[in-house]
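To start, the structure under review is shown below, and the notes come after it.
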There are 2 protein chains.
Amino acid sequence: MERVTMADVAEAAGVSVATVSYVLSGKRPVRPDTRAAVEAAIRELGFTPNTTARSLRTGRSSLVGLVVPDLANPFYAQFAAALQERLRDLGLHVVVCNTRADRSEELAFVREAAQQQFAGVVITPFRLTAKDLELLERAGVPVVVSADIRLGQVDRVAPEARSAMRAALQAVTDAGRRRIAMIAGPRDATGGDPRLELLRELARQFGTELPHGLVVRGEHTRAAGAEGFGELMSRRHPPDAVFCANDVIAVGAMDRAEELDVRIPGDVALVGYDDAVFASLVRPRLTTIRYPAQAAGEAAARLLRERIDGRTVPRTVRVKAEFVARESV
Amino acid sequence: MERVTMADVAEAAGVSVATVSYVLSGKRPVRPDTRAAVEAAIRELGFTPNTTARSLRTGRSSLVGLVVPDLANPFYAQFAAALQERLRDLGLHVVVCNTRADRSEELAFVREAAQQQFAGVVITPFRLTAKDLELLERAGVPVVVSADIRLGQVDRVAPEARSAMRAALQAVTDAGRRRIAMIAGPRDATGGDPRLELLRELARQFGTELPHGLVVRGEHTRAAGAEGFGELMSRRHPPDAVFCANDVIAVGAMDRAEELDVRIPGDVALVGYDDAVFASLVRPRLTTIRYPAQAAGEAAARLLRERIDGRTVPRTVRVKAEFVARESV
DNA sequence: TTGAAAGCGCTAACAA
DNA sequence: TTGTTAGCGCTTTCAA
């Protein structure tokens with residue numbers, strides 16, 4: 001299987017390589033019959049341009065990096081699938097990097113993407129700072145941040161979760177709950193935990209607060225969720241409602257609740273975040289804030305396209321989150 | 001941020017670019033002090049070789065394609081994460097392609113991987129044939145197939161599920177079940193459904209059979225699982241035990257069981273396959289055949305490394321599956 | 001032990 | 001409207 005090059009196509013069509021290139025890129029007019037001849041030759045020979053050569057020449061790779069803390073989290077898996085499907089048509093390839101929330105992994109990948117002049121990077125930074133992302137900007141690599149917080153002057157897709165969160169609080173307080181707690185993400189995560197901040201702010205509007213002892217922190221894992229829930233229940237005045245930074249944590253909380261014989265929602269109401277597939281599968285079914293992964297992935301793809309098409313001012317796309325009442329409140 | 005090239009390093013170290021290249025590759029001896037000077041310059045300038053240029057020159061890209069039918073299925077997501085983590089050290093990037101079990105998507109990606117001389121392709125073919133994979137072999141691109149069936153002369157990672165499946169059958173028959181059914185994958189899937197074949201063979205050893213009407217087929221989706229279960233229950237003699245080609249299907253079956261007021265395991269025992277995260281989350285907890293995704297992903301990475309290191313004879317790695325008794329049998 | 005230089009396949013500036 | 005050609009950054013052959 002010999003590689004077919006532009007030179008082969010040019011020869012077959014009786015034109016120069018430049019013409020073939022221009023037919024492909026459309027960057028300069030080509031006479032219709034010349035174009036036809038070239039296209040025929042391309043089809044005939046089954047030619048596909050060598051993206052490596054193209055990248056070397058243009059200084060732009062066809063790779064888009066996707067940096068996520070945990071690909072096994074259904075949210076990120078769906079996000080990745082949607083992103084890839086939307087980028088495919090542009091001839092872009094999605095390169096995944098699972099960082100396990102490890103800063104050095106995040107940084108190593110971002111560095112490489114900058115060095116190799118990736119076509120773009122879509123990242124959910126977990127321990128990375130805005131400063132780290134400047135690496136990419138300086139290298140001229142478009143960045144899309146998928147996170148609740150703002151991280152420098154870059155494109156961003158973020159949940160619009162205020163009304164959903166308010167609805168959740170409403171449901172919780174309607175159920176007579178007053179001692180509201182949260183199992184948040186780790187303290188040293190990039191931007192702290194914006195979901196906690198939002199909950200705090202909204203709670204005040206509801207005339208209540210998150211008591212000091214009722215905010216615990218941990219990684220976005222099932223184990224950490226169990227741990228956090230255990231901590232919460234060991235308080236002198238344990239909570240009667242627990243919000244979680246995501247559904248994985250919430251499931252961990254349910255694990256521990258079962259061990260401790262704490263009834264959900266009888267003793268404690270539980271609210272997740274994301275609406276991962278399993279949220280409707282656990283018993284009781286998890287009440288949660290749905291943040292649609294597919295829509296978020298598609299939005300990220302759109303932002304990237306716009307950048308590649310020349311937009312220079314950063315833009316934020318907000319994806320509406322939605323309260324999903326099930327059985328855990 | 002100017003790109004640092006080998007020429008810069010060479011100049012700084014007072015040597016030729018060739019020497020820099022050889023220091024990096026180790027493909028010819030370099031005097032220790034020369035080497036030291038070069039390494040110092042590399043560090044000083046923060047040089048990283050341009051993989052695009054390297055690929056163009058060597059005709060080998062640093063990309064490994066991962067082709068899966070459904071990235072949102074936790075099995076594939078974990079597989080992807082493990083593969084990527086094991087390939088990272090080799091400087092290889094994992095490019096994902098989510099095909100939604102669509103043959104044309106599979107084919108398009110395989111074609112491109114062949115054209116662009118990918119470093120390798122790891123694929124769970126769903127509608128692709130051995131013949132299609134020859135595209136890659138002819139292009140000299142190493143292929144690792146992750147599937148129960150054998151697909152041409154390529155490397156392969158596959159479950160060793162016989163004993164686990166036997167244990168599952170044992171549990172089912174111990175529970176007094178005799179009318180065994182299966183919700184299998186689609187008829188036109190590559191290789192049919194080997195899990196069905198295995199179950200059939202083992203059932204015979206148990207002195208029973210899968211009656212004709214008790215094998216239904218569908219996609220590997222929750223909806224198809226529900227559909228299939230409904231079909232099965234509409235039979236004149238419905239089954240009292242249902243095996244599923246994977247856990248996603250099994251969950252769909254549970255959905256429908258609930259709608260139909262069929263008790264699991266009271267009326268019907270249910271067995272999944274994979275042990276996806278949610279298997280232990282649904283109620284009743286799903287009894288299943290655990291096929292460890294991470295181990296499979298790591299095995300695929302290993303096979304690829306071996307190929308890249310020069311092995312030429314195809315090899316199959318079997319990953320042991322395990323019966324996990326929970327509550328649905 | 002090291003260097004010079006060709007060339008991988010493409011794009012785009014320049015020329016015609 | 002089209003062609004010629006330099007050169008992207010690297011690897012590797014050939015020569016010293």
Residues in residues 49-61 of chain A with a heavy atom under 4.0 Å of DNA chain D, by number, are A:L56, A:R57
note: B:M6, atom CE; D:dT12, atom P; distance rounded to Å ~ 10 Å
Rounded to whole Å, CD of A:Q117 lies from P of D:dC10 at a distance of 12 Å
Discussion item. Check this one for me: any side-chain N or O of A:S25 less than 4.0 Å away from OP1 or OP2 of C:dT11?
Written reply: no
task: Assess whether salt bridge (charged side-chain N to carboxylate O under 4.0 Å, His left out) is satisfied between A:D132 and A:R103, documenting all intermediate values.
output: CA-CA 10 Å; A:D132 297 321; A:R103 176 174 156 80; 2.6 Å; yes
Review item, nucleotides 13-16 of chain D N/O atoms under 3.5 Å of protein N/O:
none

If we ignore angles and hydrogens, is there a donor and acceptor under 3.5 Å between the side chains of A:Q117 and A:S61? no
Residue pair A:V144, A:V157: steps toward the side chain to side chain contact (heavy atoms under 4.5 Å, CB included) verdict:
CA-CA 7 Å; A:V144 176; A:V157 18; 3.8 Å; yes
Original post:
Counting just side-chain N and O atoms, does A:S21 come under 4.0 Å of either OP1 or OP2 of C:dT11?
Top reply: yes
Between CG of A:L24 and C1' of C:dA12 the distance, given in whole Å, is 14 Å
Taken to the nearest whole Å, CZ/A:R35 to C1'/D:dT2 is 13 Å
>> Using only atom types and a distance under 3.5 Å, with no angle test, would you say the side chain of A:R307 pairs donor to acceptor with the backbone of A:T312?
In response: yes
Subject >> Salt bridge B:D188-B:R127, side-chain N to carboxylate O under 4.0 Å >> reply: yes
Can B:E112 and A:H93 be counted as having a side-chain donor-acceptor contact under 3.5 angstrom? yes
Separation of D:dG9 atom P from A:Q115 atom CD, nearest Å, is 12 Å
side-chain contact (heavy atoms from CB on, under 4.5 Å) with A:V110: of A:V141, A:L128, A:T99, only one passes, and it is A:L128
Rounded to whole Å, CD of A:Q116 lies from C1' of D:dC10 at a distance of 12 Å
Separation of C:dG9 atom P from A:L45 atom CG, nearest Å, is 14 Å
Check: Does A:K27 place a side-chain N or O at less than 4.0 Å from the phosphate oxygens OP1/OP2 of C:dA12?
Finding: yes
Review point. Between A:F75 and A:Y291, what is the ring plane arrangement, given parallel below 30°, perpendicular above 60°, and tilted in between?
Key: parallel
DNA chain D nearest-nucleotide lookup for B:A7 and A:V17: closer to the 5′ end is A:V17
- Query: Can a side chain N or O of B:S16 be found less than 4.0 Å away from OP1 or OP2 on C:dT2?
  - Reply: no
- Start with the C-alpha distance between A:H220 and A:D70, add both sets of side-chain angles, then the distance that settles side chain to side chain contact (heavy atoms under 4.5 Å, CB included), and finish with yes or no. CA-CA 9 Å; A:H220 284 182; A:D70 179 17; over 6 Å; no
Below the 4.0 Å mark, does D:dG9 have OP1 or OP2 next to a side-chain nitrogen or oxygen of B:T5?
no
